[in-house]
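Beneath this line is the structure, given in structure tokens, with notes to follow.
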Number of protein chains: 2
Amino acid sequence: MTPQRGRRRRGTKAANIYDVAKKARVSVFTVSAVINKSDQVSAALQRRVEVAIRQLNYRPNLLARSLAKQRTHTIGIVVPDIANPFFPLVVRGVEDIAQKAGYSTLLCNSDNQREKEEHYLELLLSKRVDGILLTMAPGRLTPWLQRMLAEVKVPLVLVMRTSKDLKTDAVLTDDYKGAFEAVAHLARIGHRRIALVSGPLGVSNGTARWKGYREALEANGLTCDPDLIAEGDYRTESGHRAGLTLLPRRPDAVFVANYLMTVGFMQAANEMEMRCPEDFGLVSFDDYPWLRCFRPRLTTIELPKYELGAKSAQLLLKRISGMQGRSTVQKLEPQLRVRESCGFTLHLRNVDRKVFPHDSQKGKELDVASRPTLIREKLADDQPAATLTRD
Amino acid sequence: MTPQRGRRRRGTKAANIYDVAKKARVSVFTVSAVINKSDQVSAALQRRVEVAIRQLNYRPNLLARSLAKQRTHTIGIVVPDIANPFFPLVVRGVEDIAQKAGYSTLLCNSDNQREKEEHYLELLLSKRVDGILLTMAPGRLTPWLQRMLAEVKVPLVLVMRTSKDLKTDAVLTDDYKGAFEAVAHLARIGHRRIALVSGPLGVSNGTARWKGYREALEANGLTCDPDLIAEGDYRTESGHRAGLTLLPRRPDAVFVANYLMTVGFMQAANEMEMRCPEDFGLVSFDDYPWLRCFRPRLTTIELPKYELGAKSAQLLLKRISGMQGRSTVQKLEPQLRVRESCGFTLHLRNVDRKVFPHDSQKGKELDVASRPTLIREKLADDQPAATLTRD
DNA sequence: TTGTAGGCGTTATCAA
DNA sequence: TTGATAACGCCTACAA
């Protein structure tokens, strides 16, 4: 009993490969071969098929193809929140690489909630994506899911955060180092009471940045005062709360572990009528193009977001195409970008101005609240012990 | 000849519905009914099936389901660039609504290139998405694709930009009105030579904002000087170029049609050592939380980004579930947020200070370069002829 | 209530 | 080179 494909009510649905075959008076194999450019079709038939395809406005059904080939050419990416300005560039990096390789990207927002995350992971597995990129929510993975991910053998690459529960590939930024540099810089220019607005400690990079902070203090002979530490959740409001708590304790400076919390922190400072860098120095994590043109211009640790996404996707695609070998952890280099929120020039004024010939040439007062752009940048190039940019 | 489903080499591949059926000693129908909660299964069998599902770690293959049901429960969204800070919130709005309705979201970046966009649209059609959200690239749609979109009858909602070529639903912000308000505000506070950094005129909201600018000038008895207009492409670099071109012509103020271009523009101002609002007033389009805490605090036209995405998705889902009726155009309301970049207080200083009792109470000099937060906000509430927020 | 078998649109195997 | 036909995994009319 051969299936009676051809007898479809014409016009109502999209043409399929059988329709094309019939119209071109060939078999479905031939059509399939033409579609997949399998060159083992005579030129004559090839042309006939192509004509039929055009006439019927035929478009291969990738769903059916995926089912047959057991390959969806789709990857899933689960991030906490695409609206957190950190992630768009990461996702863009992913999407660029994926699309070049013929893959589509399914986007999921977990809001850092384990439940949502697991829901999405299951969904992605059900959709039979070829691979998954994951920025894990805090907390531990359900053993359930953990087992499932292992059994199903879908390539999985962790992005930005690692997990004890998942022994897979990961692509990270070196957050320990970044935080260390940030705090070391603050210490170097004379700050003593350095506060921390930390990310959630349930997340690997939260603890990494926290550790960098602590060890940088230690390395600079400063003691770690618990009263100067506040744990946030990487969202604006937690930075705001941290500011309200910390600022009254009069730290010399503060290291804030991500951009959104810095925004909240600055908001708190505004409300309390405290100014940066006059009243407190600040180094923020994660840089954005617009930070160069608003004041106070933030001193930041730049994280290579696009590259992070791109590398993650590249690794994932390699795994998808069968690359074997132990799981890998790549760490990308962060970069200290010195501007004025750290209070650098504030200190310089009292210390040593002759280092900057450029300064006197300009014949201007070195006013922190104005735009000492060139001065700061010049200086950046001479900074030792840190990776700096010419911003 | 019944298909011999059951005889699969066990262990190597995921279990399917036949495996479950066999293990539970029932038919596939029963399994399917259980999976889809079709309640017409006796409790006993139901339990048997559920046990089998658990034992086999069975997970329905949504690919196969989609193929059978002709429904993928997936929508595609094509935006110019998710790394443009405008879009993440839009996408987030979409994703939230979609996921609540059981839909997944395929993300595509067109870079405003017709070619990429069309590539993605075709891909989405081939993937048989149930609907498409599209922020169109400049220029006209290929007649080819145009016809195809019509024939294939996939619900399509335009987001943020309309098109003459596509007679479908659209959800927009009222950009004409927003631009008008922005420029009218500048005129109202005394600026005469008002420049424009426009978006691409090949895009509907580019021309809408441009028109708003022109008519606001007219309404305020100002003439439109072509030398004070620069067309950008919504990206940072074009704003930078516009700044280098426009600033030497000494406009009183400038209206910049989106945030990224404002960033570029401010960068140019920095390089030219010109200050905002002292040397030029500025109103930017599109607001962000962090604009409240860096100086100059930008006066902006806020666009409801999240809502834009959410409404688009809602409309799309309705169409997907069969809603009939003529195509719709929804316009969301923009909102003027007065801060200091427009030069408001600068003018106030010379005009009328008594309006602000709060000011004198504070016993402070009204210094534009510092943080006249409360003053500005107070004032905002009294502003007529514009939708304002208490920021 | 449960089972059977055809259909969804491809790919892939095996003959011819 | 081509053709016929069995997977792929699920849904669902129709039968029992």
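This one's a predicted model, so the numbers in the text were calculated from it and none came from an experiment.
Residues Val159(A) and Thr135(A) are in side-chain contact: their nearest non-hydrogen atoms beyond the backbone lie under 4.5 Å apart. In this structure, Met148(A) and Arg59(B) have side chains that are in contact, with non-hydrogen atoms separated by less than 4.5 Å.
Of the side-chain N and O atoms in Tyr18(B), none sit less than 4.0 angstrom from OP1 or OP2 of dG3(C). A sub-4.0 Å separation between OP1 or OP2 of dT10(C) and a side-chain N or O of Asn16(A) is absent. Considering only side-chain N and O atoms, Gln70(A) lies nowhere under 4.0 angstrom from the phosphate OP1 or OP2 of dT10(C). For dC8(C), neither phosphate oxygen OP1 nor OP2 lies less than 4.0 angstrom from any side-chain nitrogen or oxygen of Ser66(B). At the phosphate of dC10(D), neither OP1 nor OP2 sits under 4.0 Å from any side-chain N or O atom of Ser32(B).
In this entry the distance linking CG of Asp39(B) with P of dT2(C) reads 12 Å, nearest Å. For Ile35(B) and dC10(D), the CD1 to P distance is 7 Å, given to the nearest whole Å. Computed from coordinates, the Asn61(A) CG to dC8(D) C1' distance equals 13 Å when rounded to whole Å. Here dG7(C) presents its C1' atom at 15 Å from CG of Leu63(A), a figure rounded to the nearest Å. Going from atom CG of Asn36(B) over to atom C1' of dG9(D) covers 13 Å, rounded to whole Å. The interatomic distance linking Leu67(A) (CG) with dG7(C) (C1') rounds to 13 Å, in whole Å. For His73(A) and dT10(C), the NE2 to P distance is 16 Å, given to the nearest whole Å. Atom CZ in Arg65(B) sits about 17 Å away from atom C1' in dG7(C), given to the nearest Å.
At the heavy-atom level, Val26(A) lies under 4.0 Å from the strands shown only through sugar-phosphate atoms. Here Val28(B) lies in heavy-atom contact (under 4.0 Å) with a base. Counting any heavy atom pair closer than 4.0 Å across all strands shown, Arg59(A) reaches sugar-phosphate atoms only and no base atom.
Scanning all heavy atoms of the two residues, the minimum distance from Gln314(A) to Ile97(A) falls at NE2-CD1, 3.6 Å.
Among the nucleotides dG3(D), dC11(D), dG9(C), the one closest to the side chain of Ile17(B) is dC11(D). Nearest nucleotide to the Leu45(A) side chain, out of dC11(D), dG9(D), dT2(D): dT2(D). With dT10(C), dG3(D), dC10(D) as the candidates, the nucleotide lying closest to the side chain of Pro60(B) is dC10(D). Considering only side-chain atoms of Phe29(A), the nucleotide from dT13(C), dT10(C), dC10(D) that sits closest is dT13(C). Between dT2(C), dC10(D), dC8(C), one nucleotide has an atom nearer to the side chain of Ser27(B) than all others, and that is dT2(C). For Thr30(B), taking side-chain heavy atoms from C-beta onward, the closest of the listed nucleotides dA5(C), dT11(C), dT2(C) is dT2(C).
For Leu62(B) and Arg25(A), each mapped to the nucleotide of DNA chain D holding its nearest heavy atom, the one lying further toward the 5' end belongs to Arg25(A). Heavy-atom nearest nucleotides on DNA chain C were determined for Ala64(B) and for Ser42(B), and the one closer to the 5' end corresponds to Ser42(B).
The only option from Val129(A), Thr142(A), Ile132(A) that meets the side chain to side chain contact (heavy atoms under 4.5 Å, CB included) definition with Leu121(A) turns out to be Ile132(A).
Taking OG from Ser66(B) and CZ from Arg128(B), the interatomic distance works out to 12.0 Å, rounded to the nearest 0.5 Å.
For the residue pair Tyr306(B) / Asp96(B), a side-chain donor-acceptor distance below 3.5 Å is found, with atom types taken as modelled.
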